[in-house]
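One structure is given here, and the rest of the page talks about it.
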Amino acid sequence: MLSAAGPIVPDSGGNVLLIVLLLLPLVGSLVMYPLRGNVALAKGVAMAVALLELVLVVLAWVGYDTAAAADGTRFQLEFSASWIPAFGTHIAFGVDGIALVMIALTAFLVPILMLFAWAEKLPEGRTASGYFGLLLATQAMLVGVFAATDVFLFYVFFEAMLIPMYFLIGRFGGPNRQYAAVKFFLYSLLGGLIMLASLIGLFVVSGERLGQGTFTWAELQTMAATVPTSTQIWLFLGFFVAFAIKAPLFPFHTWLPDAGAEAPIVGAVLLVGVLDKVATFGFLRYCLPLFPAASQALAPLVLTLAVVGIIYAALLAVGQTDMSRFVSYTSIAHFGFIALGIFAFSSQAFAGATLYMVNHGLSTGMLFLMVGMLITRGGSRKIADYGGVAKLAPLLAGCLLVAGMSSLALPGTNSFVSEFLVLVGSFPNAPVFTIVATVGIIFAALYVLWFYQRTMQGPVRGDAVTAALERAGAGGPGAMTDPGIAAKRAGTGFADLGRREIAVVTPLIVAIVVLGFFPAPLLDVINPSVTATMQEVGLADPVPVGGTAR
């Protein structure tokens with residue numbers, strides 16, 4: 001790529017690890033096209049790329065210096081090269097603790113999703129190379145979004161990541177995939193265009209304040225406190241609407257149930273587990289540090305939308321008949337907790353919200369995968385078509401229970417730690433909103449246990465279960481009344497988890513349990529960036545009861 005000044009060359013920061021993390025899956029996705037005639041080779045190459053990416057992310061994690069971050073080093077592993085000098089844009093990458101954990105979550109999930117999709121039956125005329133190539137392309141765009149330290153470059157990746165996800169939904173999704181894909185794309189594109197207007201305004205303001213327009217995050221942040229509050233509010237709203245649609249935050253949420261239901265399971269996991277976190281990441285990286293006065297002025301509005309979303313989505317989740325839509329609505333409720341933690345303005349709530357972003361990706365990702373395994377066996381997304389599955393597939397039922405308990409934040413699971421931090425950290429500054437949000441915890445227990453009881457417990461029943469048993473030669477009244485015989489004869493009709501599926505869920509279960517008891521490795525990376533964000537907003541932590549402010 002050429003700029004007005006000639007070829008792009010590094011002008012500051014020479015660490016290329018983030019460039020490699022971006023280019024590796026991108027090149028891997030391009031390699032999939034010539035391999036479309038060799039399914040086994042295409043899958044093998046895609047998995048090798050995803051595993052190598054995971055190894056490189058581990059190296060980036062090891063190379064991240066938490067002590068330096070605590071001492072005030074905002075970004076590490078930096079690379080910067082002039083891109084379009086006339087517009088003050090750079091090819092600039094760097095990570096703080098928040099970006100690093102999100103890149104790590106993406107790298108952790110992608111190989112698991114590929115293993116899940118290894119034997120997946122694709123729509124007629126669709127190829128595995130295209131499927132796996134789109135997964136890798138999505139991963140590349142996500143690395144770019146999280147690692148960009150130039151605001152214009154962030155915008156480019158923010159828009160570009162819509163393309164592979166659009167094709168994942170539109171080409172490999174369910175019966176209404178075209179409608180869902182177009183709705184997803186139009187909503188997200190609208191949000192992106194509104195952000196572009198604010199981006200242009202930010203460039204103009206930076207020219208007035210700094211003498212030369214810039215999109216460099218660090219330079220924009222240094223001038224943030226000098227921008228009038230009225231101007232900040234207008235600029236903030238452009239970013240906020242784009243992120244609220246992407247999250248999605250009530251009332252911008254209506255695209256997600258359709259997209260989550262019609263996307264292929266691996267696409268739904270990436271969409272809800274990682275892509276939507278770009279929005280909450282954007283709140284922390286852009287809305288708060290670049291528009292601190294506007295963030296504080298509009299916080300009550302955002303908190304209201306957050307708690308309304310928690311209750312509203314929880315009530316809708318209870319009434320769902322489609323399993324994929326059910327999981328999508330639970331995600332909307334969880335995003336309310338993340339938004340609550342972000343706009344409560346305390347280090348504890350910030351840390352809890354960031355940790356929640358990771359834990360939600362794990363718990364909801366596993367919940368979607370278990371739903372996918374259930375649909376594969378029964379051929380139906382309807383909750384009413386299943387019942388008594390625990391008698392036929394106890395391992396599947398047990399793994400679904402683990403995912404459900406993590407989703408409702410049972411103590412001992414990963415989500416409990418993050419939800420607890422959000423609520424405890426939010427209460428001093430937003431007690432009323434926090435109290436209302438706790439009602440969502442009760443609803444979460446209700447809808448998760450209701451879903452599990454309907455599908456897994458009770459007598460063996462449901463059209464999907466019956467059809468699966470009949471296909472395996474275990475049909476008839478005797479099979480339905482004798483679970484032991486049904487389980488033995490189910491065979492491939494309604495089999496329990498196989499070795500590949502066990503390999504898919506095992507790392508997720510390990511992560512859920514380990515982070516439930518030992519979240520320190522993540523919090524140690526997150527906390528310095530959280531402290532820096534608090535300083536950029538210009539706020540001190542609230543005074544705890546019986547204590548003093550830090």
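- The six-membered or imidazole ring of Phe281 lies near that of Phe146, with a centre-to-centre distance under 6.0 Å.
- For the pair Ala333 and Tyr447, the tightest heavy-atom approach, listed with the atom from each and the gap, is CB-OH, 4.2 Å.
- Residues Phe154 and Glu159 fail the side-chain proximity criterion, which asks for heavy atoms closer than 4.5 Å.
- Considering all non-hydrogen atoms of both residues, Gly260 and Ser324 come closest at O-CB, 3.9 Å.
- A 4.5 Å side-chain heavy-atom check between Ile169 and Met165 finds at least one atom pair inside the cut-off.
- Here the OG1 atom belonging to Thr280 is positioned 6.5 Å from the CE atom belonging to Met102, to the nearest 0.5 angstrom.
- For Arg177 (side chain) and Gly174 (main-chain N/O), a donor-acceptor pair under 3.5 Å exists by modelled atom type.
- A donor atom on one side chain and an acceptor atom on the other are found under 3.5 Å apart for Ser406 and Asn414.
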Check the pair Phe451, Phe326 against ring pair (Phe, Tyr, Trp, His ring centres under 6.0 Å), reporting the backbone distance first and the verdict last. CA-CA 9 Å; Phe451 170 69; Phe326 163 78; 4.7 Å; yes

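- Of all non-hydrogen atoms in Ala148 and Arg285, the two that sit nearest each other are O-NH1, 3.4 Å.
- Interatomic distance, CD of Gln139 versus CG of Leu142, reported as 8.0 Å (0.5 Å rounding).
- Ion pairing between Glu262 and Lys183 fails under the 4.0 Å rule for side-chain N and carboxylate O.
- Annotation: Phe157, atom CZ; neighbour count of heavy atoms from other residues, nucleotides and ligands within 6.0 Å is above 12.
- Side-chain contact between Leu423 and Ile441 is present, with heavy atoms from C-beta onward closer than 4.5 Å.
- At least one donor-acceptor pair under 3.5 Å links the side chain of Tyr386 to the backbone N or O of Ser380.
- Here the CZ atom belonging to Phe368 is positioned 14.0 Å from the CE atom belonging to Met373, to the nearest 0.5 angstrom.
- Under a 3.5 Å cut-off, the side chain of Ser29 and the backbone N or O of Leu26 do form a donor-acceptor pair.
- In this structure, Arg325 contributes its side chain and Thr321 its backbone to no donor-acceptor pair below 3.5 Å.
- Listed for the Asp496 side chain is a donor-acceptor partner under 3.5 Å among the backbone atoms of Leu396.
- The two residues Leu421 and Gly352 make their nearest non-hydrogen contact at CB-CA, 3.6 Å.
- The closest donor-acceptor contact from the side chain of Gln320 to the backbone of Ala317 lies at 3.5 Å or more, if one exists at all.
- Side-chain contact check for Met323 versus Ile375: some heavy-atom pair is nearer than 4.5 Å.
- Interatomic distance, Leu113 CG to Thr138 OG1, rounded to the nearest 0.5 Å: 10.5 Å.
- No hydrogens or angles considered: a donor-acceptor pair under 3.5 Å links the side chains of Ser418 and Asn359.
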Verify side-chain contact (heavy atoms from CB on, under 4.5 Å) between Leu162 and Phe184, making sure each step is shown before the conclusion. CA-CA 9 Å; Leu162 302 180; Phe184 157 76; 3.9 Å; yes

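- The ring pair (Phe, Tyr, Trp, His ring centres under 6.0 Å) with Tyr131 is formed by just one residue from the set Trp118, Phe116, Phe172; it is Phe172.
- Using a 3.5 Å distance cut-off with no hydrogens or angles, the side chains of Thr127 and Ser129 do pair a donor with an acceptor.
- Between the side chain of Lys391 and the main chain of Gly458, a donor-acceptor pair closer than 3.5 Å is present.
- Considering every non-hydrogen atom in both Ile103 and Ala147, the closest pair reads CD1-CB, 4.3 Å.
- Counting heavy atoms from C-beta outward, Val57 and Phe108 have side chains that stay 4.5 Å or more apart.
- When ring centroids are compared, Phe337 and His360 stay outside the 6.0 Å threshold.
- Note that CG of Leu449 is 8.5 Å distant from CG of Leu401, once rounded to the nearest 0.5 Å.
- Rounding to the nearest 0.5 angstrom, the gap separating the CG atom in Leu271 from the CD1 atom in Ile265 is 11.5 Å.
- Within 6.0 Å of OH in Tyr452 there are more than 12 heavy atoms belonging to other residues, nucleotides or ligands.
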Kindly indicate, with the supporting measurements, whether the criterion side-chain contact (heavy atoms from CB on, under 4.5 Å) is fulfilled by Phe250 and Ile332. CA-CA 8 Å; Phe250 175 88; Ile332 295 171; 5.6 Å; no

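- Side-chain contact between Lys43 and Val39: present, with at least one pair of heavy atoms (C-beta onward) separated by less than 4.5 Å.
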How far apart are the C-alpha atoms of Phe132 and Val45, what are their side-chain angles, what is the distance that settles it, and do they pass the side-chain contact (heavy atoms from CB on, under 4.5 Å) test? CA-CA 10 Å; Phe132 283 59; Val45 170; over 6 Å; no

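- Contact of the Thr354 side chain with the Val101 side chain is registered, since non-hydrogen atoms from C-beta on lie closer than 4.5 Å.
- Contact detail for Ser331 and Val272: the closest heavy-atom pair is OG-CG1, 2.9 Å.
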Working for side-chain contact (heavy atoms from CB on, under 4.5 Å), residues Val55 and Leu51: CA-CA 6 Å; Val55 171; Leu51 291 175; 5.7 Å; no

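- Thr254 and Tyr187 are linked by a side-chain donor-acceptor pair at a separation below 3.5 angstrom, with hydrogens and angles left out of the test.
- Although no hydrogens or angles enter the test, the distance criterion places no donor-acceptor pair under 3.5 Å between the side chain of Arg454 and the main chain of Ile383.
- The side-chain heavy atoms of Leu136 and Val31, taken from C-beta on, include no pair separated by under 4.5 Å.
- Judged purely by atom type and a 3.5 angstrom limit, Ser407 has no side-chain atom pairing as donor or acceptor with the backbone of Gly404.
- Using a distance-only test at 3.5 Å, with no hydrogens or angles considered, a donor-acceptor pair links the side chain of Trp255 to the main chain of Ile245.
- For the pair Lys246 and Phe158, the cation-pi test (distance below 6.0 Å, angle within 45°) is passed.
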